[in-house]
Every structure is written in C-alpha cells, then in structure tokens.
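Okay, structure first, notes after.
Both counts, for ligands and for their atoms, begin at 1 and track the order of listing.
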Amino acid sequence: MPDSSQLRIAIIGAGIAGLAAAIALKDEPGVDVQIYEKTSELREVGAMIALGPNGMRTLERLGVTDALDESVAFRNESGHPMIYRHYKTDEVVSLDTHSQPIGQRHHTARFFRPHLQQTLARHLGPSSIQLGKAFQSCSFDEELQKLVVTFADGSSELADILLGADGVHSPVRQFFVPTSKTRITGWTTFRSVFPISHVEHIPDLPREAVHIWGPDRALFVTPLAQGLFSIVGSHQEDLDAPRAEARHQAAAWDSAGGVDDLRKFYKSWSPLVRSIVDATPYTKVYPNSAADGLESWVLGGGRGTLAGDAAHAHGGAFAAGGSLAADRLRRLGAQAIREDAEPHTDRVQQTVQGRNEAMVRRIGKVESDEELRSRISNRPDLRWIREHDVVHAFSEARSASSTGQTGPSGQLSSL
Ligand SMILES: Cc1cc2nc3c(=O)[nH]c(=O)nc-3n(C[C@H](O)[C@H](O)[C@H](O)COP(=O)(O)OP(=O)(O)OC[C@H]3O[C@@H](n4cnc5c(N)ncnc54)[C@H](O)[C@@H]3O)c2cc1C
C-alpha cells in the first residue's frame, strides 16, 4: 500500500524516457515513483541508438555516469560526431564538428540499445518497475483526490501524477488526446547489430561512425562497445505510390527483414559497402511513424504529462529521439509543470518532417554527382538539436512560469 503522504508518480513505459524519468525523480523527497511496463520482461530488443552531447550530459547529471563509459558508449576517436562519405568512391566528403569545446565524455555516442536500457535499469531497484502492466485508462476519484490508473489485466493503481513515457504510439497520449494518431511516414530503417568479427576481415572497414550518402538512400555504419558492429540502412518511399503504403503497413516495428532486400538496395555501391552489407548476418525492419505535436503537454487537468517519443512523436532522425527522451526529464519536477509552448521540440518535429518531405520530393529524380556532393556539403547544421542546452531552457521556462505565465488547471473528469 503506497504511503498516502507521498506524491505518487506513475510512469507508463520502461523505455529510455521512462527509466530516465524515474531515476531523475527517485531521490526527490516526498516522492514515490513507480514504472508500469506492458512487456513481461525488459528484453534485449532494438539495435543501434545514438545520443548527442545533450543526451550524454543529461545522463551524467542524472548520475548515470556508467552509461558514458567506453564499455557501453562508442565515440569516434577523431572527435567528429559524424563523417560523411561518398557511396561510390568511399571518400570523405564532409565532417560534422561539435560547435564548442565539449569534453570527450560528452561527445556524440552510439549504443547498442539494450546496453543503454540495462544501464539505466540498474539505477533503479527492481521494486520500481512493475512488468506486464499495460496502461488502459485513467480516471479521477473525487473522494480520494487521486488518479485511478487501470491496466489491461484489470488491476488498477492510485497515483497523483501520470507520466506517459510509452513510446511513439503512446496509449497515454491517445487516451488524453484521442485525435492524436500516429501515421506511417514512409521512411524505413533496416538495423543490424552483430559481432564485429563478421566484418573484421574487410580491408578499410570504417573504425568510426560513418554516414555514406548515395543519390536516393544512405547507409550508416559504426562500431559499438563490447566488440559489436552496426549498420543502419534507410530509404524513403512515396506513400502516395499505391504499393509502397501497403508494404509499410504490413511490416511491424522490429520485425525480421530480408537481408537480401538490404543487399539489393546497395548493389551498385562501392565494393567496400557491398562487402559490409554482404557480411551482415541479419537485419530488422523499423518502419517509422510520427504524430503531430500537441498544443500542450499538460493533460488531465495538470495531473498528466508525457515524456520521450510519447511527447514528441517525430518519427526519429538526427539522433534526436533518445536525447530528447533524456532531456525532457530535466523539466519534470515533483509536480507536473505547465508547458503550453515547447518551441525546441516543435522545431525538431518540423525539421524531421521537412527532411522526410524533401526525401519524398527527390524520389525518381536523377541527381548528378555534383548535386549529391553539394547536398552532403550543404546539409542542414543540426548542432542546435544535438547540443541543446536543456538546463538553460528549463530555467527560462521556470522563470516564465514564476512570472505568472501559468494557466488554470482543470479537472481530469472534465476532459
Ligand atoms: C522495443 C524497442 C526497440 C527500439 N529500438 C530502437 C533502435 O534500435 N534504435 C533507435 O534509434 N530507436 C529504437 N527505439 C526507439 C527509441 O528507444 C526511442 O525513440 C527513444 O529512445 C525514446 O524512448 P521512449 O522511452 O520515449 O520510447 P520507447 O523506447 O518506445 O519506450 C516506450 C516503452 O513503453 C512501453 N509501452 C508501450 N505501451 C505501453 C502501455 N500501454 N503500457 C505500459 N507500457 C507501454 C513499451 O513497451 C516501451 O518499453 C526502440 C523502441 C522500442 C520500444
């Protein structure tokens, strides 16, 4: 039985956002945090995920310093967050840099997703996470002045605050804002993580994170910690093309993909790329989905809010998902705070959408080599995403709210 004198926060979802939020809140005096996760175990699911300096700094601030260790995080030795190569010649066409002196531990890093998730989970006791609890609905008990959170197994829990960290399709978001549906974007990634021994024999194998750009698709390759290697292929389809939509809807997130399809995608690329793809033992398919941003993250009359992909369901790109998931928690206090405007995440969301639309416009167009090189060299500068200073943004939001820019809080029952 929870201690009724404590502020009880129910977090839905034990992904990176839910785990990080629980770590941020667990030592707050007078706060009791519980995570409810629908799966029956925290399994090893997922492939490579990247965090920029914003995500790395947030992990450090949370005390999750072990996630920054080389045994978990892989960083480019050159210090360049990303290296861009040409799909035919393998030559380096362009380089990303960090915009300000950033300590090596905060450099952009790539993770095997289960390593990151397990590292976060180790910072919470097992009693903080209840597995096999799929959020279904929520109501407000006037007498108890508590939320009643109901799960698919018929059980329910009392809480003061509900935080939906339940991913891009967020049942919590859809409960509070039923019109907020996800849609398939037509951008599909093929991800594989495997022991580096599969590709070690390849001469000139990239030893850093490299993005290889071709006219209509790209391939990302990187070593990972603990002797792993990852490749991420991606391509964009025009959903207005009748067959494309049907194919995307049939593929489920994290489902097995045809490694032969992957090989076909890159068959006209350089011998180095083809050797890497040929040696890739398997791949999994991740059709991306996105939802429009919400007008407010203050839900349920001030008792509900969202974090991670649930809050900004942009569909994933630019290493923004994991870092935003981590960033978002800096803005959570022991009580839900009103945030009617989130210019940063809105801008991320619009940028990802703009990127997808630009990719669709390029479909079927023949791009000259000169145009490709120019597109690589003139790519948008996304350091404002990766190096977003969330502490500064949080203190600005706080001072704005302390100067009276907060709104009335309604009742959950009125929704
Ligand atoms: C299985 C999985 C694999 C992924 N693999 C990759 C990857 O390889 N590369 C990459 O870049 N990104 C991956 N992602 C997405 C990436 O983790 C997120 O974009 C980012 O880290 C933000 O995390 P999040 O915690 O907001 O959401 P998520 O990581 O999506 O976590 C949401 C959590 O909520 C749980 N959940 C959903 N519905 C309910 C419900 N009704 N009740 C209770 N719990 C619920 C889910 O099971 C999940 O554990 C993956 C996500 C998942 C769920």
Side-chain angles (χ1 to χ4, degrees), residues 10-23 34-52 55 58-59 67 109-118 120-121 129-138 149-153 155 157 162-175 182 187-193 220 222 224 228 230-234 252-255 257 283-291 305-329 345 348-349 352:
I11 297 178
I12 308 297
I16 291 164
L19 292 169
I23 293 166
Q34 274 294 316
I35 301 183
Y36 302 95
E37 163 60 46
K38 74 170 178 187
T39 58
S40 54
E41 51 180 328
L42 289 186
R43 289 190 313 268
E44 299 230 338
V45 188
M48 194 285 308
I49 187 162
L51 293 185
T58 300
L59 288 176
R110 275 89 193 179
F111 299 84
F112 182 39
R113 186 182 180 278
H115 289 169
L116 180 57
Q117 196 172 10
Q118 285 156 10
L120 286 162
I129 307 176
Q130 295 195 36
L131 296 166
K133 294 281 175 194
F135 168 86
Q136 198 163 50
S137 64
C138 175
V149 184
T150 307
F151 300 95
D153 63 1
S155 63
E157 296 279 352
L162 178 70
L163 173 65
D166 46 350
V168 70
H169 300 291
S170 179
V172 173
R173 188 183 69 236
Q174 292 193 32
F175 173 77
T182 47
W187 187 54
T188 301
T189 53
F190 295 81
R191 300 176 194 269
S192 320
V193 175
F220 173 75
T222 185
L224 293 175
L228 298 175
S230 178
I231 78 166
V232 182
S234 61
W253 174 259
D254 200 48
S255 61
T283 191
K284 285 195 167 185
V285 187
Y286 299 83
N288 277 60
S289 301
T305 190
L306 301 170
D309 283 1
H312 29 75
H314 53 67
F318 316 131
S323 290
L324 279 179
D327 261 15
R328 174 74 170 83
L329 354 150
T345 48
V348 172
Q349 194 138 350
V352 175

Inset, instruction - Could you check if a side-chain atom of Leu19 sits within less than 4.5 angstrom of a side-chain atom of Glu37, using non-hydrogen atoms only? - result: no
Legend entry - Non-neighbouring partners of Gln34 that pass side-chain hydrogen bond (donor to acceptor under 3.5 Å, both in side chains), sequence neighbours left out: Gln130
Inset, instruction - For Ile12, take its heavy atoms, then give the atoms of ligand 1 lying under 4.0 Å from any of them. - result: 42 (N), 43 (C), 44 (N)
Inset, instruction - Could you tell me whether the side chain of Leu224 reaches within less than 4.5 Å of the side chain of His115, counting heavy atoms only? - result: no
Legend entry - Any Leu59 side-chain heavy atom under 4.5 Å of Leu120 side chain: yes
Inset, instruction - Kindly compute the distance separating NZ (Lys133) from CD1 (Ile12), expressed to the nearest 0.5 Å. - result: 10.5 Å
Inset, instruction - Nearest 0.5 Å please: distance from the OH atom of Tyr286 over to the OG1 atom of Thr189. - result: 7.5 Å
Inset, instruction - Only heavy atoms count here, so choose which of Met48, Lys38, Arg113, Gln130 is nearest to atom 6 (C) of ligand 1. - result: Arg113
Legend entry - Any N/O pair Phe135/ligand 1 closer than 3.5 Å: yes
Legend entry - Atom pair CD1 (Ile11) and CG (Asp166), whose distance is rounded to the nearest 0.5 Å: 11.5 Å
Legend entry - Distance-only N or O hit between ligand 1 and Glu37, under 3.5 Å: yes
Inset, instruction - For Ser230 and Thr222, test the side chains for any donor-to-acceptor distance below 3.5 angstrom and give the result as yes or no. - result: no
Inset, instruction - Nearest 0.5 Å please: distance from the CG atom of Leu42 over to the CG atom of Leu131. - result: 5.5 Å
Legend entry - Proximity winner for atom 31 (O) of ligand 1, if only heavy atoms of Ser192, Ala21, Gly15 are counted: Gly15
Inset, instruction - Look only at interatomic distance and state if Asp309 has a nitrogen or oxygen under 3.5 Å from any nitrogen or oxygen of ligand 1. - result: yes
Inset, instruction - Run the numbers for me: atoms of ligand 1, each under 4.0 Å from some heavy atom of Gly308, listed by number. - result: 26 (O)
Legend entry - Atom indices of ligand 1 within 4.0 angstrom of Ala17 heavy atoms, with elements: 24 (P), 25 (O), 26 (O)
Legend entry - Side chain, backbone, both or neither: the part of Ala165 lying under 4.0 Å from ligand 1 by heavy atom: backbone
Legend entry - Residue selection (non-hydrogen contact nearest atom 36 (N) of ligand 1) among Asp166, Ile11, Leu51: Asp166
Inset, instruction - Please could you name the atoms of ligand 1 that Pro171 approaches to less than 4.0 Å, counting only its heavy atoms? - result: 38 (N), 41 (N)
Inset, instruction - For Gly13, counting its heavy atoms only, list the atoms of ligand 1 lying under 4.0 Å from any of them. - result: 33 (C), 34 (O), 35 (C), 44 (N)
Inset, instruction - Check the angle between the aromatic planes of Tyr36 and Phe151 and answer parallel, tilted or perpendicular using the 30° and 60° thresholds. - result: tilted
Inset, instruction - Could you tell me whether Ile16 and ligand 1 have an N or O pair separated by under 3.5 Å? - result: yes
Inset, instruction - Consider every N or O of Ala47 and every N or O of ligand 1, then say whether any pair is closer than 3.5 Å. - result: yes
Inset, instruction - Answer with yes or no whether Lys133 contacts ligand 1, where contact means a heavy atom under 4.0 Å from a ligand atom. - result: yes
Legend entry - Residue portion contacting ligand 1 (non-hydrogen atoms closer than 4.0 Å) for Tyr36: backbone
